[in-house]
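Letters A, B, ... mirror the listed sequences (proteins, then strands); counts begin at 1.
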There are 2 protein chains.
Amino acid sequence: MSSHIQHSTNAPNLLKSHGLRVTEGRVEILSYFLNDNHALSHTYLEEKCKKSQDRVTIYRALYAFLEKGLIHKVLDEGGAAKYALCSTCSDTVHHHDHVHFKCDTCGQTYCLDTVQVPKLVLPQGYKIKETGILIQGVCDKCSK
Amino acid sequence: MSSHIQHSTNAPNLLKSHGLRVTEGRVEILSYFLNDNHALSHTYLEEKCKKSQDRVTIYRALYAFLEKGLIHKVLDEGGAAKYALCSTCSDTVHHHDHVHFKCDTCGQTYCLDTVQVPKLVLPQGYKIKETGILIQGVCDKCSK
DNA sequence: GTTTATGCAAATTCTTTGCAATACT
DNA sequence: AGTATTGCAAAGAATTTGCATAAAC
């Protein structure tokens, strides 16, 4: 309960520290990210912000967050877009070699920051810049 | 040159062996897959088939190919869909644990069938069903 | 006061669906 | 002949753009 308050209080500072203007709508959206530990879709945010802000505003907020490195895009196996906080990225360094996990049971997508992306050996001549891994299966909550 | 002819000749048989009717449009589309070693987008196919068949027909052909396990879907980092032949899948067994490689230079997406998908260790409780890997970088042709 | 964000409307793009005409087996 | 495929039109979903108003710095 105190963590909820703390997180919500963090939103304005996080926005400021990323060079973003602090508006009511952005604070609300960012709070949803801070209070959930999984990736959020535009549709989900639209539902949550129903009366408070426009669909288009949410698109633009997400775009601004992406640009400033506050969140990153996660795609599920069907190509549907979700967004998640860049918890392990600093303001300057961005690595998107995250392992993402999509639960077939609850449908949530998680960023498994603790899982190391393996070094893959590719055929001669191929140079790796980024590695994206999407695992599908059953998450810890749903496998109980 | 003979390989081109051979491949094109293969298309009708491949269709038949997958329980698909042999139509002019499907043979044309499948030939593009057989003659290229990278994933093809709907847009690319639309361009190639411009005068010969409708946009919608291509969607339906791809859908039929997917259903019969002739091709599989590949998504790039932006969520754009491409399709590639299931070269390592038999008629009955399908594994989609392919490693896909998207070249930042030429924009092509390749299926690296020879690259083994590593066994990843996830936190307690997570169960893996499928693992998708998309690597971005520079392909062998572009790195020369 | 200047710059940036918002809401609303409308335009784009991508994909799916219905149905009558056509092609395949 | 019987069944599946095609083309065209139109519907639907997701995302983007333009512009005047409002809010942030």
Atom-to-atom span, [atom1] of [X] to [atom2] of [N] - whole angstrom:
| X | N | atom1 | atom2 | value |
| --- | --- | --- | --- | --- |
| Leu45(A) | dT15(D) | CG | C1' | 15 Å |
| Arg21(A) | dA22(D) | CZ | P | 17 Å |
| Glu67(A) | dT16(D) | CD | P | 12 Å |
| His18(B) | dA4(D) | NE2 | P | 19 Å |
| Ile58(A) | dA5(C) | CD1 | P | 16 Å |
| Leu20(B) | dT5(D) | CG | P | 7 Å |
| Tyr63(B) | dT6(D) | OH | C1' | 17 Å |
| Glu46(B) | dC8(D) | CD | P | 13 Å |

Among Leu62(B), Val74(B), Thr109(B), find the one that has a side-chain contact (heavy atoms from CB on, under 4.5 Å) with Tyr83(B).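 The passing option is Leu62(B).
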
Members of residues 75-82 of chain A that approach DNA chain D, where some heavy atom sits under 4.0 Å away: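 Contacts with DNA chain D under 4.0 Å: none.
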
Heavy-atom closest contact (Cys139(B) atom, Cys103(B) atom, distance):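 Minimum heavy-atom contact is N-SG, 3.4 Å.
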
Can you name the closest pair of heavy atoms from Lys16(A) and Val22(A) and give their distance?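 Taking Lys16(A) first and Val22(A) second, the nearest heavy atoms are CG-CG2, 3.8 Å.
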
Taking OP1 and OP2 of dT16(D), is either one under 4.0 Å from a side-chain nitrogen or oxygen of Tyr59(A)?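 Indeed not, no polar side-chain atom of Tyr59(A) lies that close.
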
Under 3.5 Å, is there a donor-acceptor pair between the side chain of Gln53(A) and the main chain of Gly25(A)?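 Indeed, once roles are kept as given, a pair shorter than 3.5 Å links the two residues.
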
Mark yes or no for whether His18(A), through its side chain, and Lys68(A), through its backbone, hold a donor-acceptor pair below 3.5 Å.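 Yes.
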
Name all residues meeting the salt bridge (Lys or Arg N to Asp or Glu O under 4.0 Å) criterion together with [X]; count only those two or more places apart in sequence or in a different chain, and write none if there are none.
| X | answer |
| --- | --- |
| Glu46(B) | Arg55(B) |
| Lys119(A) | none |
| Asp36(B) | none |

Do Arg55(B) and dT15(C) share a donor-acceptor pair, side chain to base, under 3.5 Å?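 Result: no qualifying N/O pair found.
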
Less than 4.5 Å apart, any side-chain heavy atom of Ile135(A) and any of Tyr110(A)?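 When only atoms from C-beta onward are counted, Tyr110(A) and Ile135(A) do not touch, as no gap falls below 4.5 Å.
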
By nearest heavy atom, map Lys16(B) and Thr43(B) onto DNA chain C; which one lands nearer the 5' end?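 Between the two, 5'-proximity favours Thr43(B).
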
Does Phe101(B) have its ring centroid less than 6.0 Å away from the ring centroid of Tyr126(A)?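 Yes: the rings meet the under 6.0 Å criterion.
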
Which protein N or O atoms sit under 3.5 Å from an N or O of nucleotides 6-9 of chain C?
from   : atom 1 : to       : atom 2 : distance (Å)
dT6(C) : OP1    : Thr23(A) : OG1    : 2.9
dG7(C) : OP1    : Ser52(A) : O      : 3.4
dG7(C) : OP2    : Asp54(A) : N      : 3.2
dG7(C) : OP2    : Thr57(A) : OG1    : 2.6
dG7(C) : N7     : Arg60(A) : NH2    : 3.2
dG7(C) : O6     : Arg60(A) : NH2    : 2.7
dC8(C) : N4     : Arg60(A) : NH2    : 3.4

Hydrophobic cluster identity match, Leu75(A) and Val115(A), side-chain contacts under 4.5 Å: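 No.
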
Parsed dot-bracket for DNA chain D after applying the Watson-Crick and G-U rules with both distances under 3.5 Å and | for other-strand partners is |||||||||||||||||||||||||

